[in-house]
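Inspection log for the structure reproduced underneath, given as structure tokens.
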Amino acid sequence: MNPTDSGTVPEKLLKPYDPASEESRIYEKWEKSGYFTPENMIKDGLTAPEAEAFTIVLPPPNVTGHLHMGHAMMLTVQDIMIRYKRMAGFRTLWLPGTDHAAIATQSKVEKEIQKSEGKSRHDLGREELLKRVEAFAQASHDTIVNQTKVMGASCDWTREAFTLDEVRTKAVRTVFKSMYEDGLIYRGNRIVNWDPKGQTTISDDEIVHESRKATMYTFTYSKDFPIAISTTRPETKVGDVAVAVHPDDTRYSEFVGKEYDAVFCGVPIHIKVIADKEVEKDFGTGALGVTPAHSMTDWEMADRHDLPRVQVINEYAKMMVGGENLMGKKVTDAREAIVAWLREEGLMQKEEAIDQNVSTAERTGGIIEPLPKLQWFIDVNKPIAERGGKTLKELMREPVANSDISIIPDYFNKTYFHWIDNLRDWCISRQIWYGHRIPVWYKGEEIYTGVEAPEGNGWVQDEDTLDTWFSSGLWSFSTLGWPEQTEDLKIYHPTTVLETGPDILFFWVARMILMTQYALGTVPFKTIYLHGLVRDGKGQKMSKSLGNAMDPLDIAAKYGADAGRMALIMGTAPGTDSRISEDKIKGQKHFANKLWNITRFILTATADMPHDAVLSEEDTIIYEAWRTELAGITADLDSYRLHIASDRLYQYIWKTLADDILESSKPLLASDDALVKASRQKLLTVLLKETITALHPFMPFVTESLSELLGEEKLLMVTPWPTSR
RNA sequence: GCGCUCUUAGCUCAGUUGGUAGAGCAGCGCUUUUACACAGCGAAGGUCGGGGGUUCGAAUCCCUCAGGGCGCACCA
């Protein structure tokens, strides 16, 4: 036997595997089949009509550019789950879409316009800016969809959704109206996180704490004032209304309740000494200057002690009180002016360098200025009658606590609870233009909220837009057509798995639980699978600025999407960060080639296999060993241990099948005993077929190509999973 | 400060419920009349971060120490 010149082997197989020439053709074939749509599977008898649903709604990538390796990880994990379940007979839906990502997208476009045209959003105006942002979003969307297809993702494109399209807008407005009527959404003048750079409020979760060097100043307001206070922000002290000490602090107890007038750097202030248990005796002087308008803690303290709230800093982080030395100055300049004044007056007692955490805005990097503003909030502590008197906080906590939702890996439960327990009301209004406009209209004293604009003249819609996570929070059900009671909603909701990164556990996952529990009274999904961060070969975070970012498109072009997928998934446990290097991907390209050569060998060796070939006793043992391994792999897949399942397949195919079975087959195939030879031919044929079938969810392209070369007419993608026969 | 997590072969990491350790890559030796050099065969390499405990038995469970990573946080 000389396999290389056998006429039975397709030309293509005689050369090394070339993913570039196969992958796009294969994807088109899948897409054309229509089988990404579960209803088509049922129509053609490939899925039973009564089959259990398996649903994943794709975490919608932001339309801010293109996909990176983190997205590639997400797509790989989900596609493996989806392809496996589709083959295993489930009514499998993977619903794709994109996110308008309000603030991220707008600030990106604003930056580009500023750079290329030197214009701000206010120069362009709301309408023109929105036009530009929408054009950018469309282009991004197209790039993203293309990249997703290159990765092999078997999404049902007929159901594609966008967080800002018509159906989703209706869902957003419906939920808003309902929450407003339930008193869960309220408009209030409260202290918020103001980003002076982005000129908008942001939520607590959009704050990033940065460690900086700062100076802690210790001083008194005036010569007559009896208590010294410490602060890193002397400029806010012109807005002080009280000094708070701990109730048990005997050093100051004689002053509690007394009130003082002072002129602080030219600004008259009135200070009341109060006792509050939030004050730490051991910090600084043990006395805290209370600035209700510019500190979250102090705002709450003002609630407790009925203190006035004097705003002294405006939206541009500039002073709004004082004489020439302060009025209109930036806060940093005002700080210097006040420090100078304190020294001059001999009021300064101590200046020491400290490390301090500064709150900055995640998107713009602006230093957060806490300000009192009239904004929209979601009340997380108000009992909801229709939900058994439970609060949103409770509705978010319960399903995870009682395992209606399980998180993989499960130690994230603790992180989740920790976040919920510290949760405050969610500020949902933003002063940006791109996004869902708040569905509230005003006319004089009248206020209207609804899905459609009110009838009649004189109504003016709220200028603000909603936090982008408000619409993302509805994603599990808005994508299925809610608020209409659609068939899709009945069949596919609650969805089965939510697969995403732990970085958006609070931003998004928790909000989805909140919104779904509120609007539908169910969980949005049963399992949360969290993947880790994809780092480069040296363990650094991939980023454009570091120049170490990999483009999934480049990887696919160079090594094949299959190789990229396997490299991402093999050995990467859920929740843990992974490192990916070109070497690792190259290794998987070699694996694809290995499959190619295994197939060449087997095709050639079995060309003259008799139709009535049966497995000998010895070969049955080998086959049963594979079936045992396959059962283990199937169990791993069912428990979402994809990293183990892929590793086992890799090992079985390369070590057991190629190195052991193929090698030991060579003498048997040359045997004079026709039964021995036929048995071995049968064994090889069956093992090849079943291993590439089992590998298909992981490496869909090369396995589908090989299936073609084996003469299969049916798509491997819709071939039943080998254990289900 | 509170919480979570990690520390396993030179490097990167697996290791489902406790049963005395595995892979990939790198490296070493050999192999080029071979399905595949994008390969094969072989050898080598770890007291599973330190210490203590529970157990017949611990990489795995508990305590503690050391060092990384992450999350949360109103230390003014």
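Below, read A as the first sequence line, B as the second, and so on, with proteins coming before strands; counting in each chain starts at 1.
Between A:Asp577 and A:Arg535, at least one side-chain N (NZ, or NE/NH1/NH2) sits under 4.0 Å from a carboxylate O, which counts as a salt bridge. A:Asp536 has no carboxylate O lying under 4.0 Å from a charged side-chain N of A:Arg579, or vice versa, which leaves the two without a salt bridge.
For A:Thr215, there are no side-chain hydrogen bond (donor to acceptor under 3.5 Å, both in side chains) partners, not counting sequence neighbours.
The CG-C1' distance, from A:Leu530 to B:C4, rounds to 13 Å in whole Å. Following rounding to the nearest Å, A:Asp410 (CG) and B:U16 (C1') show an atom-to-atom distance of 12 Å. The nearest whole Å value for the distance from the CD1 atom in A:Ile653 to the C1' atom in B:A23 is 15 Å. For the pair A:Leu706 CG and B:A35 C1', the computed distance is 13 Å after rounding to whole Å. A:Arg648 places its CZ atom 13 Å from the P atom of B:G15, with the value rounded to the nearest Å.
Here B:G3 sits opposite B:C70 as a Watson-Crick or G-U wobble pair (both hydrogen-bonding atom distances under 3.5 Å).
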Polar pairs (N or O, both sides) under 3.5 Å between protein and nucleotides 39-41 of chain B?
| unit_1 | atom_1 | unit_2 | atom_2 | d |
| --- | --- | --- | --- | --- |
| B:A39 | OP1 | A:His590 | ND1 | 3.3 |
| B:A39 | O3' | A:Lys594 | NZ | 3.1 |
| B:G40 | OP1 | A:Lys594 | NZ | 3.3 |
| B:G40 | OP1 | A:Trp654 | NE1 | 2.3 |
| B:G40 | OP1 | A:Asp659 | OD1 | 3.4 |

Under 3.5 Å, which N/O atoms of the protein pair with N/O atoms of nucleotides 61-64 of chain B?
none

With 3.5 Å as the limit, what N/O pairs link the protein to nucleotides 11-14 of chain B?
| unit_1 | atom_1 | unit_2 | atom_2 | d |
| --- | --- | --- | --- | --- |
| B:U12 | O3' | A:Arg579 | NE | 3.1 |
| B:C13 | OP1 | A:Arg579 | NE | 3.1 |
| B:C13 | O2' | A:Gly571 | O | 3.0 |
| B:A14 | OP1 | A:Thr576 | OG1 | 3.1 |
| B:A14 | O5' | A:Gly571 | O | 3.4 |

Under-3.5 Å N/O pairs linking protein and nucleotides 71-76 of chain B:
| unit_1 | atom_1 | unit_2 | atom_2 | d |
| --- | --- | --- | --- | --- |
| B:A73 | N6 | A:Asn357 | ND2 | 2.7 |
| B:A73 | N1 | A:Asn357 | ND2 | 3.4 |
| B:C74 | OP1 | A:Arg424 | NH2 | 2.7 |
| B:C74 | O4' | A:Thr297 | OG1 | 3.0 |
| B:C74 | O2' | A:Thr297 | OG1 | 3.3 |
| B:C74 | N1 | A:Thr297 | OG1 | 3.4 |
| B:A76 | N6 | A:Glu280 | O | 2.8 |
| B:A76 | N6 | A:Phe283 | O | 3.3 |
| B:A76 | N1 | A:Glu280 | N | 3.3 |

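Side chain to side chain, A:Trp419 and A:Asp205 meet the donor-acceptor criterion of an N or O pair below 3.5 Å. Side-chain contact annotation: A:Tyr17 with A:Glu22, donor-acceptor N/O pair under 3.5 Å absent.
Looking at residues 633-641 of chain A, you'll see A:Arg641 sit with a heavy atom under 4.0 Å from some atom of RNA chain B.
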